[in-house]
Amino acid sequence: MTIRSHSSDDKASSSETSGIQINFEHITESSPDIIFIYDRQLGRNIYCNRRVTDVLGYTINEFLSLQVHEKDIFIHPEDHDRVLQWLDTLFEISTQNDALPSVDHRAKHSDGSWRWLRVRVAAFDRYPDGRLQKVICTGLDITDQIQTNQALQKQTAILELILNSMAEGVMVCDASGQLILVNRSAEQILKLEQPWPNIEKIRQTDKSSDDENNIKRLWHQHPLLRSLRGEKVVDCELSLFDRKRDLAMILSHAAAPLKDNNGLIIGAVDVFRDVTDSRRALQELRRAEQHFRLLVDGTSDYAIFMLDQKGVIVS
């Protein structure tokens, strides 16, 4: 391919033009990305570097013969209309100051598989009215990045399903105390109408009395804060009271710090459940036992025995 010099000197020597062409090809062949030039009028690529063979498996001639506008040839069917619309928009831009948009799409490898390309463009040649005639494109292979993101999204979706299926509330914060995850059960237990931005908000509701000093003392014992200090918390019961949301309950917490590969604390997780009913039932049972014992101990007219199933006196 011949690269024209845009020098104002019409008598530029052939050696200078040759030098420009050699420099251009040296740059493109040294690039880790596919570099190609697309001609709007011809509707096809008119140049590409050898990197296309490494990334997509085509020879240069094979790649240049591919027709972008034909379906099921090179561009994935699900991306084809979007890429054509991108091309139409691209070549309607007439202002040189406008940024040229990029596009991500799947391109067919010579072996029939699909590779994700991120294509960025720059103006290469324009018509007299300023509209683009040719663009020089760089195609970056982002297949691994896309697959990694998809795998991460899948794992995140599965984790979200698991957390939202749990009966226990789950809260996760980062090292600064910023809440980054609150599952559905936590929202229901705490009657959250809007997300809490950080764990300081919990301080307003996590208390056992109206005494401010007592609130501050209890707040510093909250499982999330204790875990951020490196402590592993098991079976920690805290009373929660909030008049505005009509909350009065006892929560049993289990919390642990989250650490990176170097052992540094990067956050904390708190798993809690509502034990109000069981604790109240236990209190009622103890109260009933106390009343019964007082009744028995206060009886002086009768001898009271307690027998087991075999008739043996146990009390």
Side-chain angles (χ1 to χ4, degrees), residues 145 148-286:
Q145 176 185 336
T148 299
N149 290 341
Q150 290 175 342
L152 182 60
Q153 289 174 0
K154 184 177 180 180
Q155 291 177 357
T156 302
I158 293 174
L159 177 61
E160 185 176 351
L161 288 173
I162 293 173
L163 290 175
N164 286 331
S165 67
M166 293 174 60
E168 293 82 6
V170 179
M171 283 187 170
V172 180
C173 71
D174 61 18
S176 67
Q178 197 77 10
L179 287 174
I180 56 178
L181 187 150
V182 178
N183 76 338
R184 192 170 299 159
S185 291
E187 293 176 347
Q188 293 172 349
I189 292 172
L190 301 175
K191 297 182 180 179
L192 296 180
E193 297 179 356
Q194 57 185 2
W196 281 338
N198 53 61
I199 56 179
E200 282 289 341
K201 284 287 185 179
I202 305 173
R203 177 177 176 176
Q204 301 174 8
T205 58
D206 213 358
K207 44 189 164 181
S208 60
S209 72
D210 290 330
D211 180 60
E212 182 64 22
N213 292 327
N214 192 37
I215 293 172
K216 290 180 180 178
R217 179 180 61 80
L218 286 174
W219 166 240
H220 291 295
Q221 295 302 313
H222 190 279
L224 276 176
L225 286 183
R226 290 168 62 182
S227 293
L228 286 178
R229 296 194 291 265
E231 184 180 350
K232 187 174 181 180
V233 181
V234 180
D235 295 332
C236 171
E237 292 188 2
L238 291 177
S239 298
L240 188 150
F241 178 68
D242 187 345
R243 289 192 183 93
K244 291 182 179 180
R245 286 179 293 145
D246 191 26
L247 289 177
M249 63 180 68
I250 302 172
L251 299 179
S252 178
H253 297 261
L258 299 175
K259 300 180 179 181
D260 62 14
N261 294 333
N262 297 320
L264 297 176
I265 295 176
I266 58 174
V269 57
D270 177 26
V271 180
F272 58 90
R273 55 193 175 91
D274 184 357
V275 295
T276 308
D277 292 341
S278 61
R279 294 299 175 266
R280 286 176 178 171
L282 182 60
Q283 290 176 356
E284 290 297 325
L285 178 60
R286 289 175 177 171

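Note that the coordinates shown come from a computational prediction; the quantities given were computed from them, not determined experimentally. Values below: every heavy atom of this structure, side chains too, minus hydrogens, waters and symmetry copies.
Contact between N164 and R184 at its shortest, heavy atoms only, is OD1-N, 3.0 Å. Summarising the geometry of N183 relative to L181, their closest heavy-atom pair is N-CD2, 4.0 Å, with the distance given to 0.1 Å. Residues V271 and M166 come closest through the heavy atom pair CG1-CE, 4.5 Å.
With values rounded to the nearest 0.5 angstrom, R273 atom CZ is found 14.0 Å from M249 atom CE. How far CD1 of I158 is from CD of E160: 11.5 Å, rounded to the nearest 0.5 Å. If you take OG1 on T148 and CD on Q153, they are separated by 11.0 Å, rounding to the nearest 0.5 Å.
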(request) Go through the steps to decide whether Q145 and N149 satisfy the test side-chain contact (heavy atoms from CB on, under 4.5 Å), and finish with yes or no. (result) CA-CA 6 Å; Q145 176 185 336; N149 290 341; 3.8 Å; yes
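Each of I180, V269, L228 was checked for a side chain to side chain contact (heavy atoms under 4.5 Å, CB included) with C173, and the lone residue meeting it is L228.
For the pair D270 (side chain) and L225 (backbone), a donor-acceptor distance under 3.5 Å is absent. No donor-acceptor distance shorter than 3.5 angstrom exists from the side chain of S185 to the backbone of G169, with no hydrogens or angles considered. Distance alone, capped at 3.5 Å, places no donor-acceptor pair between the S252 side chain and the D235 backbone. Within the 3.5 Å criterion, the main-chain N or O of L224 finds no donor-acceptor partner in the side chain of S227.
E231 meets the salt bridge (Lys or Arg N to Asp or Glu O under 4.0 Å) test with R226; sequence neighbours excluded.
Side-chain contact check for I189 versus L251: some heavy-atom pair is nearer than 4.5 Å.
Ring-plane geometry between H222 and H253 is classed as perpendicular, the angle between the planes exceeding 60 degrees on a 0 to 90 degree scale with a lower cut at 30.
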Show me, pair by pair, the donor-acceptor contacts under 3.5 angstrom made by side chains of residues 257-268, not counting sequence neighbours?
residue, atom, partner, partner atom, Å
D260, OD1, N262, N, 2.9
D260, OD1, G263, N, 3.0
D260, OD1, L264, N, 2.8

